[in-house]
Structures are given as C-alpha cells and as structure tokens.
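Structure, as structure tokens:
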Amino acid sequence: MGVTNVVAVAILTDAFIDEGKRAKMIGLYNTIMPITGSILSAIAGVLALKGWENVFNVYWMAVPMVIFIILFVPKNISNNQGDDVSSTRTTENLKESLGSPFWVVMISFAFLVLGCMALQFFTSVYIAEHNLGDVAYVGLVTTIIGYGSVLTNAIFGFVYVKVKRKVLSLAYILPIVGSLMLMFIPNNIIVIIAYFLILAGYGFGFSSAYAYAPTLVTEHRVESAIGIATAAYSIATFFGTYFVTICMDLLNTDSFTKVIPVITVIFIILLIVEVVIPKKYKEV
C-alpha cells in the first residue's frame, strides 16, 4: 500500500503540471481512498459471514486494478515541454537538497497527524468517559466523523486554488476548534461536530502534504518528497496511541480528556509557527 500510494501520487504530480488542477486531482484521489476502503470493508464483512477466511477474497480486487494500470496509465509521462519526465532524473539530481521550506512543512504535517490520530484513536474512550452513549453510538460517531476528511479532500482542490499555502492554517484552526469543543462542551451532538472538524483539518493537511510540499522541491526530487510525506504520515499515525499513553503517565492520570489540552497546545503552536514563519521558508 505504501509503495502504491507513493507511485500513484507521483504519477498524478507528473501528469498534471498545472498546480491547481494537480491539487484537485490529489484531493479527489484522497477522497476515493477512504470511500473505497469502506466499500471493501463492507464486502469483507459479508464474505466473513460464511467463514473468516473468505475475507481475503477482497484481494482479488488487485486483478482489475492491474488491468486498469496496464490499459490507462501511460508508460511515459511528458512534462509541459513534451520531454519524458523520467529521462530528466539522474543520480546527480537525486543528490539535490530538498530544502528548508519542504522540511518545515513535513515536520508540521507530522505533528498535525500525530495530534489528529491521537484524538481519533481514543474516540470511544472519550465517549465512555463522559457517558455519552453505548457501542452503537460509538459506531455511529466513528462512521460520521470519518467523512470529515473525505469532505475536505473532495473540496481541497477548489480551496487550494483560492488560498494556496494558507490552507495549512485552516488545517490547524479546525482541529483547534474541535479539540476545544471536546474540552468544554462534552455532549452527544458536540462530540460529532468536534471530531468532524478535527478530521476535516486532518484532510486539508493530508492533501496539502501531497499537493503543496512537492512544489517546494525541484522536479527531480518530487518522488522523494512524496515518499517522505507518506513516511511522515505513517510514523506519526503509529505514534498516535503511544503519545496519549505517555502523556497520561506524565500527567499521572487515567483520563484521556485531560490529555486533550496537550494536543490542543500542539495545534496552537503549529498555527503560530505557520503565521510567524519567515517568508523564505514558505517559498522555493
């Protein structure tokens, strides 16, 4: 999945030279991924009714996927000058520095993912701590909030064309608002709205990492940039749960709710850094 994701985004980046159109396509790509995942999960659930081992039949999806790649993905993708993109990449090019502006975005993205995933992983714990509902309610909440990122990814391209880099500030503001709501207004309706906003911010950040970060590097390092973005997302997601438990130990508490202020502070720091960061770190 990691390899496929990097290659897919790299192909989109090569195929769509116009920055606005590329942002729309990457947003669409990030929208389709979770929807496809939910459909396959539903299919897997139906297959499992006749035996758990039947779940693995969803892997047959790889067959039409490979056929579509052979039929529709060009062997050579040309840039706007008509040159073969792959031919311009050499070992010398791969030694080029990615640059400080790129790393600033990647580090910020990693912390955004860390905070959002820490909050999402403990959704059921938050609901239990505040006696907001039963298992069925938890399922409802997790289903609804997942579409926060789906929605923002769907509209990402249109927003990005209008505000460009400022979309990163929006990616931090939404989780700040959502986490503050969780801290001060714990009720059945607010928890859905709050988590929806948190994952909406995550969606903007996720698409920005793939659409904006590659613009901060030379065309020879685009694949490297996308690979690092994927690694940052994966590593931050992995540490999401551990971050919460570490904070609980440091705060000497068993309450997840008491960790939310720490996560909120991270989002606020990211927003402040984005606002005050020197212009030289926002451009190539």
Side-chain angles (χ1 to χ4, degrees), residues 23 26-27 30 99-123 126 145 148-153 155-186 190-191 193-216 225 228-229 232-233 235-237 239-240 243-244 246-247 250-251 256-284:
I26 289 177
N30 289 332
S100 298
F102 170 78
W103 288 112
V104 168
V105 171
M106 281 300 100
I107 293 172
S108 298
F109 172 58
F111 277 103
L112 173 68
V113 173
L114 177 70
C116 290
M117 291 298 99
L119 290 168
Q120 184 183 16
F121 290 157
F122 284 78
T123 305
Y126 177 86
I145 66 176
S149 62
V150 171
L151 176 63
T152 50
N153 281 321
I155 65 173
F156 172 77
F158 302 97
V159 175
Y160 183 79
V161 168
K162 298 291 184 182
V163 301
K164 292 294 177 68
R165 166 109 185 191
K166 292 179 181 178
V167 73
L168 290 174
S169 295
L170 189 58
Y172 306 139
I173 291 172
L174 292 176
I176 290 173
V177 174
S179 55
L180 288 174
M181 293 172 72
L182 292 177
M183 288 166 54
F184 298 111
I185 321 173
I190 294 300
V191 69
I193 298 173
Y195 268 109
F196 192 90
L197 291 175
I198 290 167
L199 290 184
Y202 164 79
F204 277 132
F206 193 84
S207 286
S208 295
Y210 286 136
Y212 178 72
T215 68
L216 299 175
I228 291 170
Y233 154 76
I235 293 171
T237 299
F239 282 109
F243 176 76
V244 172
I246 289 171
C247 287
L250 293 175
L251 297 173
F256 165 65
T257 304
K258 292 183 179 179
V259 177
I260 296 178
V262 177
I263 299 173
T264 306
V265 169
I266 291 176
F267 293 144
I268 292 173
I269 291 174
L270 290 175
L271 178 61
I272 293 173
V273 170
E274 177 61 28
V275 172
V276 304
I277 196 170
K279 187 177 180 180
K280 67 178 180 178
Y281 290 111
K282 295 183 178 181
E283 299 176 350
V284 179

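In what follows, residues are counted from 1 in the order of the sequence shown.
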Residue pairs passing the side chain to side chain donor-acceptor pair (under 3.5 Å) test where at least one lies in residues 110-121, sequence neighbours excluded:
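Side chain to side chain donor-acceptor pair (under 3.5 Å) check on residues 110-121 returns no pairs.
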Atom pair [atom1]/[atom2] of [X] and [Y] - distance to nearest 0.5 Å:
{"X": "L251", "Y": "K258", "atom1": "CG", "atom2": "NZ", "answer": "9.0 Å"}
{"X": "S108", "Y": "I266", "atom1": "OG", "atom2": "CD1", "answer": "12.0 Å"}
{"X": "I190", "Y": "M181", "atom1": "CD1", "atom2": "CE", "answer": "4.0 Å"}
{"X": "R165", "Y": "I277", "atom1": "CZ", "atom2": "CD1", "answer": "5.5 Å"}
{"X": "F109", "Y": "L114", "atom1": "CZ", "atom2": "CG", "answer": "11.5 Å"}
{"X": "L270", "Y": "S169", "atom1": "CG", "atom2": "OG", "answer": "10.5 Å"}

Of the non-hydrogen atoms in P101 and L216, which two are nearest, and what is the gap between them?
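Distance-wise, the nearest heavy atoms are O-CD1, 3.5 Å.
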Closest approach of I228 and W103, non-hydrogen atoms and distance?
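Closest approach of I228 to W103: CD1-CH2, 3.7 Å.
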Does [X] reach the side chain of [Y], with side-chain heavy atoms less than 4.5 Å apart?
{"X": "L119", "Y": "Y126", "value": "no"}
{"X": "I198", "Y": "L182", "value": "yes"}
{"X": "Y212", "Y": "V167", "value": "no"}
{"X": "P186", "Y": "V191", "value": "no"}

Could you pull out all residues at least two apart from [X] that satisfy side-chain contact (heavy atoms from CB on, under 4.5 Å)?
{"X": "F158", "value": "K24"}
{"X": "K166", "value": "V163"}
{"X": "I107", "value": "F111"}
{"X": "I235", "value": "F239"}

Who are the ring-ring contact (aromatic ring centres under 6.0 Å, His included) partners of [X], not counting sequence neighbours?
{"X": "Y160", "value": "F156"}
{"X": "F196", "value": "none"}
{"X": "F256", "value": "F122"}

Pairs of donor and acceptor atoms involving the side chains of residues 200-209, under 3.5 Å and at least two apart or interchain, shall be tabulated with distances.
residue	atom	partner	partner atom	Å
S207	OG	N30	ND2	3.0
S207	OG	N153	OD1	2.4
S208	OG	F204	O	2.7

Would you find a donor on one side and an acceptor on the other, under 3.5 Å apart, between the side chain of T152 and the backbone of G148?
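Yes.
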Could you pull out every donor-acceptor pair under 3.5 Å between side chains of residues 171-180 and any protein atom, sequence neighbours left out?
residue	atom	partner	partner atom	Å
S179	OG	P175	O	2.8
S179	OG	I176	O	3.1
S179	OG	T264	OG1	3.0

Please identify each residue that fulfils side chain to side chain donor-acceptor pair (under 3.5 Å) with T257, with sequence neighbours left out.
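T257 satisfies side chain to side chain donor-acceptor pair (under 3.5 Å) with E129, H130 once adjacent residues are dropped.
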